Structure formats: C-alpha cells, structure tokens
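Read through the structure below, which is laid out as structure tokens, and then see the notes.
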Amino acid sequence: KDFERCKIMDMHLRLLAPRHYSTKFIHINAEKAPFFVTKLAIRVLPTVVCFVDGVVTHRVTGFESLSGDEFKTEELERELERAGMFESKKKKKKSPDDSDYESDDDDDE
C-alpha cells in the first residue's frame, strides 16, 4: 500500500536534508511502526512531526498547510523554518579582532 502523497513528501524532504545537515530527518514506514503512529497520534498520511529536544513542536499534516500536491520544496522549507527546525545560515562568529560579525560560512576556523 504505497501512498503517493507520502512519496511526494519524501522527495521534498530528501531535497531539504542536504541543505540542512544540522537537522536530523528520519523516515518511518507507518505500516511497520504502529507504536510510533499511535504514540504520535498520526491520523493522516503524510505527517511530518517536528521535534526539538525530544518534544513535538510542530506538525505538517497532509498538504493542508502547503499549496496542494504540486507544492514546491521551498514552500515546505519555509514552513519548517518558521517552525524553528533549521539553524540560521548566518550565525555569529568571532572575528580576529574579537568583534561579532555575520557569516554565511558554517566552518569554525
């Protein structure tokens, strides 16, 4: 029983994962993980459950918060950014003169 909408969501999440390497993306087959489906009260597929420090902070249930089956990856990315799932690409670093500055670079030198 493959769910076509689950495949659509999986495709978008697979595209997002390499862009946000500090976020863990985990796929669970609902048919093979009934304990998690029950524990997380999942009633609609696909459902994306977002956790921060082990606590559910946001859900994307079906495509209701997106623009239908043809939604763009960037739309899902914005939804997850608003939910706080991704670190900011710009983060404060110390420059050689010890003043704070913005950097798009994720390498700590």
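Every value quoted in this text rests on a predicted model; they were computed, and no experiment measured them.
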Self-check item: Stepwise salt bridge (Lys or Arg N to Asp or Glu O under 4.0 Å) check, E75 with K72
Solution: CA-CA 5 Å; E75 190 178 345; K72 297 194 180 319; over 6 Å; no
To the nearest 0.5 Å, what is the distance between [atom1] ([X]) and [atom2] ([Y])?
{"X": "L16", "Y": "Y21", "atom1": "CG", "atom2": "OH", "result": "15.5 Å"}
{"X": "L40", "Y": "I28", "atom1": "CG", "atom2": "CD1", "result": "7.0 Å"}
{"X": "E4", "Y": "D69", "atom1": "CD", "atom2": "CG", "result": "10.0 Å"}
{"X": "F51", "Y": "M85", "atom1": "CZ", "atom2": "CE", "result": "10.0 Å"}
{"X": "I8", "Y": "L76", "atom1": "CD1", "atom2": "CG", "result": "12.0 Å"}
{"X": "D10", "Y": "R5", "atom1": "CG", "atom2": "CZ", "result": "13.5 Å"}

Self-check item: Check: L45 and I42 side chains under 4.5 Å, non-hydrogen atoms
Solution: yes
Self-check item: Close side-chain approach of L13 to H27, heavy-atom, < 4.5 Å
Solution: no
Quiz item: How far apart are the closest heavy atoms of L80 and C50, and which atoms are they?
Solution: CD2-SG, 3.7 Å
Quiz item: Can you name the residues that form a ring-ring contact (aromatic ring centres under 6.0 Å, His included) with F71, not counting sequence neighbours?
Solution: H12, F63
Quiz item: Does the pair E74 and R19 meet the rule for a salt bridge (Lys or Arg N to Asp or Glu O under 4.0 Å), with working shown?
Solution: CA-CA 11 Å; E74 290 74 21; R19 295 185 204 170; 3.8 Å; yes
[X]-[Y] co-clustered via ILVMFWY side chain contacts under 4.5 Å:
{"X": "V44", "Y": "V56", "result": "no"}
{"X": "L15", "Y": "V48", "result": "no"}
{"X": "F25", "Y": "V60", "result": "yes"}

Quiz item: Do E81 and R78 sit within salt-bridge range, that is, some charged N less than 4.0 Å from a carboxylate O?
Solution: no
Exercise. Report, as yes or no, whether the 6.0 Å neighbourhood of atom CZ on R14 holds more than 12 heavy atoms from other residues, nucleotides or ligands.
Key: no
Practice problem: State, without any angle test, whether H20 and E77 hold a side-chain donor-acceptor pair at a distance under 3.5 Å. | Solution: yes
